[in-house]
Q: 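The structure's right below; bear with me while I get my questions together.
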Number of protein chains: 2
Amino acid sequence: MPAESDCTAMLDSETKAVETPEDHADELRLWLRLLTCTTLIEGEVRGRLRQRFDVTLPRFDLMAQLDKAPDGMTLSDVSKRMMVSNGNVTGLVERLVESGHLDRRTSETDRRVQVIRLTKLGRAEFRRMAAEHETWIADLFADLSPKDVRELMRLLAKTKASAQKSAARRRP
Amino acid sequence: MPAESDCTAMLDSETKAVETPEDHADELRLWLRLLTCTTLIEGEVRGRLRQRFDVTLPRFDLMAQLDKAPDGMTLSDVSKRMMVSNGNVTGLVERLVESGHLDRRTSETDRRVQVIRLTKLGRAEFRRMAAEHETWIADLFADLSPKDVRELMRLLAKTKASAQKSAARRRP
DNA sequence: GGAAAACATTTTAGGCTTAAAACAATTCGG
DNA sequence: CCGAATTGTTTTAAGCCTAAAATGTTTTCC
C-alpha cells in the first residue's frame with residue numbers, strides 16, 4: 001500500500017507543497033442534505049402559514065424579529081438579522097405597514113433611520129400565529145430525541161462558525 | 001413535588017387526555033439554527049457563482065440535476081428533484097435554452113412531456129463551475145471533522161425522515 | 001368508444017429577492 | 001468648519017418563486 005494514498009498533500013519535484021485533487025464528495029452530500037432539510041421544512045411552514053393565516057413566510061419572519069424587540073428596530077437591524085438585502089426589507093415593511101401590522105417612524109435623533117414596531121394588531125396576530133407555528137415545528141422534528149436535538153444544535157453551531165470563518169476569509 | 005409536573009399529558013375533569021402546553025423552544029431554536037446555516041452557506045455560494053461565473057444559483061442547481069442525467073429529464077422530474085414549483089422550472093428552462101445551455105424537445109411517445117438535456121456548452125460550463133463549487137463547499141465546512149460530517153449526515157437524515165412523515169400526516 | 005380522471009406543462013397574478021446605483025443624513029479628519 | 005468618507009434607506013432592473021387556473025394530452029374505466 002503506497003504511503004501517498006492516505007496523504008492530503010504531496011511534495012512535487014521542486015519540493016513545494018501542492019494540493020492533491022482532494023475528494024470533497026462527503027461535504028457536498030452534507031450540504032445537499034442540509035439544503036433538502038431546510039427546503040422541506042420551509043415549504044411545509046410556508047404552506048401552513050398561508051392556509052391557516054393567509055400570511056407569507058417572510059412577513060411572519062419579519063414580525064418574529066419585531067416581537068422580540070418591543071422598542072422597535074431599524075431597517076438595517078432587521079436586514080442583518082434576517083440575512084436579507086436592505087431593499088428586500090423596504091418592500092416587506094411597506095406591505096406590512098399598509099396592512100396595519102407595522103408602525104414606522106423616522107428616528108428623532110438620526111433622520112436617516114426608520115424605526116419599525118409591531119402595532120397592537122400586528123402583535124396580537126403574530127402571537128396567535130407563533131403559538132401554532134411552534135407546534136408545527138415540534139411536529140416536524142418529532143422523531144428526534146432530546147439528545148439528537150442537542151447534538152444537532154452543537155454540530156450546526158460548529159457548521160455556522162466554520163461557514164462564517166470561510167466567508168470572512170473571502171471578504172476580510 | 002407534584003407528580004404532574006413532569007408529565008406531557010394530563011387527565012381533565014372528564015377523564016379525557018388533554019395536552020399540557022408543552023415547551024418546544026428547543027426545536028424552535030434548532031429550526032432557526034438550521035435555517036441560519038443554510039441561508040449563510042447559500043448566500044455565500046450564490047455570491048461566488050455570480051462573481052466567478054456570472055451565473056445564478058437556481059441555474060447552477062438545475063444544471064447540476066441535468067449533469068447527473070445524461071439522457072435528460074422531464075420538467076416534472078426536475079421540479080420534484082429541486083423541490084420547486086412547476087411554473088418555476090418553466091421559466092428557468094426558458095432562460096437556459098435561450099442562453100444555449102439547455103436543449104429541450106417534446107417526447108416522441110408522450111406529447112405532454114418536455115425532455116431537457118445539457119448541451120455540449122452547458123455541460124462544459126457546468127463541469128468547470130462544479131469543480132470550483134466543490135472547493136467552496138469544502139472550505140465552508142472545513143472546521144468539521146470527518147466524524148462531525150458523518151454525524152451530521154446521520155442526524156439530518158433522521159430530520160428529513162421526520163419532516164417528511166409530518167408533512168405526510170397533514171396531506172395524506 | 002367516450003366521458004371522466006389523471007397528468008405535464010404553461011400561464012397568470014402577485015409577491016419575494018438580489019445587486020447595484022442613487023439619494024440623504026451623519027460623522028470624521030484635517 | 002468643510003470636504004470626504006460612512007451609514008441608512010430607497011430605487012431600479014432583472015430574475016426567482018409560488019399557488020392557482022388554464023391548456024393540452026393520455027389513461028382509466030364503465
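Computed from heavy atoms alone, side chains included, the values below leave out hydrogens, waters and symmetry copies. No experiment lies behind these values; they were computed from the predicted model shown.
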Q: Any base atoms under 4.0 Å from A:Thr74, or only sugar-phosphate, or nothing? Heavy atoms, all strands.
A: sugar-phosphate
Q: Could you tell me the separation between the CG atom of B:Asn86 and the C1' atom of D:dA22, rounded to a whole number of Å?
A: 14 Å
Q: Among D:dC16, D:dT10, D:dG8, which nucleotide has an atom closest to any side-chain atom of A:Leu75?
A: D:dT10
Q: Please state how far atom CD in B:Gln114 lies from atom P in D:dT25, giving the value in whole angstrom units.
A: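 After rounding, the gap between these two atoms is 11 Å.
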Q: Calculate the interatomic distance between B:Lys80 atom NZ and D:dT18 atom P; express it in whole Å.
A: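 The distance from NZ of B:Lys80 to P of D:dT18 comes to 15 Å, rounded to the nearest Å.
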Q: With a 6.0 Å cut-off (strictly less than), is the heavy-atom count around NZ of B:Lys160, excluding the residue itself, greater than 12?
A: no
Q: Step by step, work out the side chain to side chain donor-acceptor pair (under 3.5 Å) result for A:Thr109 and A:Ser107.
A: CA-CA 6 Å; A:Thr109 62; A:Ser107 160; 3.2 Å; yes
Q: For DNA chain C, whose closest nucleotide is more 5', that of B:Asp110 or that of A:Val89?
A: B:Asp110
Q: Expressed as a whole number of angstroms, how long is the span from B:Arg111:CZ to D:dT27:P?
A: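 For the pair B:Arg111 CZ and D:dT27 P, the rounded distance is 11 Å.
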Q: Both B:Arg104 and A:Gly87 contact DNA chain C. Taking the nearest nucleotide for each, which residue is further toward the 5' end?
A: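 Closer to the 5' end of DNA chain C: B:Arg104.
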Q: Given B:Leu118, which of B:Leu96, B:Asp103, B:Leu66 fulfils the side chain to side chain contact (heavy atoms under 4.5 Å, CB included) condition?
A: B:Leu66
Q: Please give, in whole Å, the distance from D:dT9 P to A:Met82 CE?
A: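 Between P of D:dT9 and CE of A:Met82: 15 Å.
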Q: For residues A:Leu156 and B:Leu152, determine if any side-chain heavy atom of one lies less than 4.5 Å from a side-chain heavy atom of the other.
A: yes
Q: Which part of the nucleic acid, if any, lies within reach of B:Ser85 when heavy atoms closer than 4.0 Å are counted: base, sugar-phosphate only, or nothing?
A: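 Here B:Ser85 touches the bases of the nucleic acid.
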Q: What's the CE-P distance between B:Met83 and D:dT18, to the nearest Å?
A: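 That distance rounds to 10 Å.
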Q: Measure from CD on B:Glu94 to P on D:dC16 and round the result to the nearest Å.
A: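 Going from B:Glu94 (CD) to D:dC16 (P), I get 11 Å.
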Q: Of all nucleotides in DNA chain C with an atom under 4.0 Å from a non-hydrogen atom of chain B, which is the first and which the last going 5' to 3'?
A: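 Going 5' to 3' along DNA chain C, contacts run C:dC7 to C:dA20.
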Q: Check every strand shown and say whether A:Thr56 touches a base, only sugar-phosphate, or nothing at a heavy-atom separation below 4.0 Å.
A: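 Answer is sugar-phosphate: A:Thr56 comes under 4.0 Å of backbone atoms only.
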Q: Side-chain N or O of A:Ser76 versus OP1/OP2 of D:dT9: is the shortest distance under 4.0 Å?
A: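 The answer is yes; a side-chain N or O of A:Ser76 sits under 4.0 Å from OP1 or OP2.
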Q: Whole angstrom is fine here: how far is it from CG in A:Asp77 over to C1' in D:dT7?
A: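 Computing the A:Asp77:CG to D:dT7:C1' distance gives 13 Å.
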Q: Return whichever of A:Val115 or A:Gly43 has its heavy-atom-nearest nucleotide of DNA chain D closer to the 5' end.
A: A:Val115
Q: With side chain to side chain contact (heavy atoms under 4.5 Å, CB included) as the test, pick out the partner of A:Phe53 among A:Arg128, A:His133, A:Glu125.
A: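 Result for side chain to side chain contact (heavy atoms under 4.5 Å, CB included) with A:Phe53: A:Arg128.
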Q: Judged by modelled atom types alone, do B:Ser85 and B:Asn88 share a side-chain donor-acceptor pair under 3.5 Å?
A: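 No pair is found: no donor N or O on one side chain lies under 3.5 Å from an acceptor on the other.
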Q: Suppose we screen for side-chain contact (heavy atoms from CB on, under 4.5 Å). Which residues come up paired with A:Ser79, at least two apart in sequence or across chains?
A: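 A:Ser79: side-chain contact (heavy atoms from CB on, under 4.5 Å) contacts with A:Asn86, A:Val89.
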